[in-house]
Undergrad: 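A single structure is presented below for examination.
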Amino acid sequence: MIENENFSEEVKQSTEHVIVDTLISILYGLKTEPELQAMMTDRASKEGLRVLGTDYNLPKKDALIALGTAAVANELDEGNTFAKGHPSAHIFPVVYICALENEYTWEEVIGAYAKGYEISARLSQAFQMKDDMHPHGTWGNAGGAVTRAILEEKSAEDITDIILLSLSLPIATSWLAAEKGQSVRNLYTGYGNLLAYDAVDLVSYGFKSNETVAEDLWSGIMGEGVDLSKLSADPDGVSMISKNYFKVHPTCRFTHASIEAAKEIMEQYKLSPEKIKTVQVSTYDLAARCDSKLIRTRLESKFSIPYAVAAIILGLDLYDDYSENLRKMGAFIDKIEVIEDKAMTALLPQERAAKCTITDMGGVTYSAFIPNAKGEYSNPFTESEFKMKYENMLQRHYSFFSEGWLNGLLNIDRTKSFTSWLIKNHLLRRR
């Protein structure tokens with residue numbers, strides 16, 4: 001039994017929320033990605049494991065890849081405000097496979113999940129990954145590996161070895177895969193989950209790494225340096241899983257403050273798009289990279305501030321087909337300029353800000369500043385906003401989706417098994 005009496009009720013509820021949000025992101029990704037549909041059809045096996053919410057059975061390796069890839073495919077997965085990436089997307093697929101192999105109660109899952117999340121998020125802070133790299137499939141792998149190790153009650157010595165091996169087996173990633181809309185970016189997380197799951201077995205076979213290898217890799221190759229003091233608990237005493245962010249916009253988090261600044265102007269001043277001359281977005285350095293106006297793939301649209309802001313100004317739905325949205329916005333996207341504001345860059349990571357300034361044909365300007373978009377740790381969503389998000393994601397893809405189903409999903413009995421919860425909510429059928 002996993003001991004987690006030291007977790008507050010707030011941490012347990014945060015963990016439940018992260019798990020549910022990640023599960024729904026996976027369900028959405030499994031239905032929206034043609035590559036995943038082709039993969040599952042081709043690799044289906046009667047002897048495999050049932051993939052969440054589908055009729056497909058896949059070999060364990062392929063199930064881990066599919067679930068991890070689906071989690072991040074639509075840019076709706078949670079992330080951590082103070083870590084550089086998405087811890088839960090590297091944990092849920094591993095937990096799901098472990099739960100199919102062994103019956104774990106929700107209480108056990110919560111304990112292991114919160115600890116795995118804590119460790120991987122702190123590692124992200126300590127290992128200052130290079131900005132040109134994408135965080136998927138890197139330090140997050142350690143979170144999935146640790147979570148499995150805790151569920152299987154590995155010793156502290158084994159867990160240390162598992163962390164070091166995981167940190168020594170990252171994927172070499174490129175931020176350009178996201179910026180240029182290439183789906184290999186989603187596979188980073190899929191294969192990261194496979195590496196996370198395998199690390200536990202590999203250590204049991206005798207494979208090892210050590211601190212010197214891991215530190216060398218992260219201080220000079222993957223990262224800009226290692227700050228071991230970041231591995232200690234934060235002075236505020238708040239668990240990392242309680243300091244995460246959620247998303248309702250199906251776009252990169254870097255675009256969200258810009259989206260909301262444009263939305264605030266349009267709602268306040270009721271501007272007519274036809275009378276808009278220029279739009280300027282000022283934001284922090286990482287977000288300012290998302291300035292593409294030549295959109296060639298759906299994923300690329302999710303990393304473009306000009307696309308997202310144009311959609312908001314023109315009243316288009318970001319959940320709708322990107323190519324149809326592009327057709328409707330036409331040349332309007334060319335009116336939008338994105339620039340870096342160094343003062344905003346200096347506010348990271350506490351603030352991820354953006355300022356939108358719209359100038360009309362008469363030279364009148366309208367501005368809005370957003371220090372942190374909704375969904376950030378400091379600016380949480382309401383329950384109704386979450387429900388609207390889940391409706392947007394699942395209603396058109398799953399016949400069982402309803403408000404009653406969602407309320408049932410959120411009604412968790414921690415004494416019951418994780419798999420029984422999935423079965424009860426039509427997400428898993430025993431063969």
Side-chain angles (χ1 to χ4, degrees), residues 21 74-76 81 245-284 287-288 290-293 295 301-322 324-341 343-344 347 351-393 395-396:
D21 193 80
N74 287 286
E75 274 299 307
L76 282 158
T81 298
Y245 65 85
F246 294 101
K247 297 194 279 187
V248 296
H249 306 301
T251 59
C252 174
R253 172 205 196 185
F254 296 162
T255 71
H256 288 199
S258 302
I259 288 171
E260 293 182 13
K263 186 176 181 180
E264 182 175 307
I265 294 172
M266 296 304 292
E267 290 179 349
Q268 182 175 352
Y269 297 104
K270 312 297 183 186
L271 301 180
S272 170
E274 292 78 14
K275 295 181 180 180
I276 291 174
K277 183 177 181 180
T278 61
V279 180
Q280 185 181 83
V281 175
S282 306
T283 188
Y284 54 96
C290 299
D291 60 353
S292 176
K293 299 177 185 178
I295 311 298
S301 75
K302 296 177 180 295
F303 288 82
S304 167
I305 288 176
Y307 170 84
V309 168
I312 293 301
I313 291 174
L314 296 171
L316 304 175
D317 190 339
L318 289 167
Y319 283 89
D320 286 344
D321 178 65
Y322 84 97
E324 181 64 14
N325 280 350
L326 282 173
R327 186 189 68 76
K328 291 177 180 177
M329 65 181 63
F332 188 89
I333 195 172
D334 295 323
K335 295 183 178 184
I336 300 169
E337 178 189 20
V338 181
I339 62 172
E340 180 193 353
D341 184 313
M344 293 185 198
L347 297 174
E351 290 189 11
R352 296 183 178 273
K355 179 182 179 182
C356 181
T357 301
I358 296 178
T359 303
D360 68 18
M361 294 300 183
V364 179
T365 61
Y366 309 84
S367 295
F369 173 74
I370 301 295
N372 268 319
K374 287 295 293 290
E376 290 285 352
Y377 167 57
S378 62
N379 191 12
F381 290 122
T382 64
E383 183 178 342
S384 62
E385 286 171 321
F386 275 114
K387 288 186 174 181
M388 185 177 296
K389 167 187 175 176
Y390 300 149
E391 180 178 330
N392 281 329
M393 293 168 72
Q395 188 172 43
R396 70 185 75 177

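Computed from a prediction, not measured in an experiment: that's the story for all the values here.
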Undergrad: How about Leu314 and Lys328: do any of their side-chain heavy atoms sit closer than 4.5 Å?
TA: no
Undergrad: Any heavy-atom pair between the side chains of Phe254 and Phe303 that's under 4.5 Å?
TA: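 Result no, sub-4.5 Å side-chain heavy-atom pair not found.
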Undergrad: Is the backbone of Arg352 close enough, under 3.5 Å, to the side chain of Asn372 for a donor and an acceptor to pair up by distance?
TA: yes
Undergrad: Taking C-beta and beyond as the side chain, do Asp360 and Leu271 meet within less than 4.5 Å on heavy atoms?
TA: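 A side-chain contact is absent here, since even the closest heavy-atom pair is not under 4.5 Å.
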Undergrad: Could you tell me whether Lys263 and Glu260 have a side-chain N and a carboxylate O separated by less than 4.0 Å?
TA: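 No salt bridge links Lys263 with Glu260.
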Undergrad: Determine yes or no for a side-chain-to-main-chain donor-acceptor pair under 3.5 angstrom, with Lys302 supplying the side chain and Pro250 the backbone.
TA: yes
Undergrad: Any heavy-atom pair between the side chains of Glu264 and Phe369 that's under 4.5 Å?
TA: no
Undergrad: Does Glu383 have more than 12 heavy atoms from other residues, nucleotides or ligands lying within 6.0 Å of its CD?
TA: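 Incorrect, the count does not exceed 12.
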Undergrad: Any idea which heavy atoms bring Asp320 and Arg396 closest together, and the distance?
TA: OD1-NH1, 4.0 Å
Undergrad: Run the side-chain contact (heavy atoms from CB on, under 4.5 Å) test on Val248 and Lys374 for me, step by step, so that the C-alpha distance in whole Å, both residues' side-chain angles and the decisive distance to 0.1 Å come before the verdict.
TA: CA-CA 9 Å; Val248 296; Lys374 287 295 293 290; over 6 Å; no
Undergrad: Please determine, by modelled atom types, if Ser272 and Glu274 share a side-chain donor-acceptor pair under 3.5 angstrom.
TA: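 Yes, because at least one side-chain N or O of Ser272 sits under 3.5 Å from a partner of the opposite role on Glu274.
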Undergrad: For the side chain of Thr365 and the backbone of Ile358, is there at least one donor-acceptor N/O pair under 3.5 Å apart?
TA: no
Undergrad: Any side-chain heavy-atom pair from His256 and Ile370 closer than 4.5 angstrom?
TA: no
Undergrad: Check whether any side-chain heavy atom of Leu76 sits under 4.5 Å from a side-chain heavy atom of Lys389, and report yes or no.
TA: yes
Undergrad: Do NZ/NE/NH1/NH2 and the carboxylate oxygens of Glu391 and Lys387 come within less than 4.0 Å?
TA: no
Undergrad: Nearest 0.5 Å, please: how far is OH in Tyr307 from CD1 in Ile333?
TA: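 It is 8.5 Å, given to the nearest 0.5 Å.
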Undergrad: Answer yes or no: is there a side-chain heavy-atom contact under 4.5 Å between Ile312 and Leu318?
TA: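 The answer is yes, as the side chains (C-beta and beyond) meet within the 4.5 Å cut-off.
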Undergrad: Taking C-beta and beyond as the side chain, do Arg253 and Glu376 meet within less than 4.5 Å on heavy atoms?
TA: yes
Undergrad: So that I know where these two stand, are Phe386 and Phe246 an aromatic pair - ring centroids less than 6.0 Å apart?
TA: yes
Undergrad: For Glu337, is there any backbone N or O sitting under 3.5 Å from a side-chain donor or acceptor partner on Asp291?
TA: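 Such a contact is absent between Asp291 side chain and Glu337 backbone.
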Undergrad: Could you state the interatomic distance from OG (Ser304) to CD1 (Ile336), rounded to the nearest 0.5 Å?
TA: 8.0 Å
Undergrad: Do Thr357 and Ser367 have side-chain atoms, one donor and one acceptor, less than 3.5 Å apart?
TA: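 A donor-acceptor contact under 3.5 Å links the two side chains.
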Undergrad: Look up atom CD1 in Ile313 and atom CE in Met266, then write down how far apart they are to the nearest 0.5 Å.
TA: 6.0 Å
Undergrad: Surrounding CE of Met388 (heavy atoms of other residues, nucleotides or ligands, distance under 6.0 Å), is the total greater than 12?
TA: no
Undergrad: Would one find more than 12 heavy atoms of other residues, nucleotides or ligands at under 6.0 Å from atom NZ of Lys335?
TA: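 Yes, the 6.0 Å shell around NZ holds more than 12 heavy atoms from other groups.
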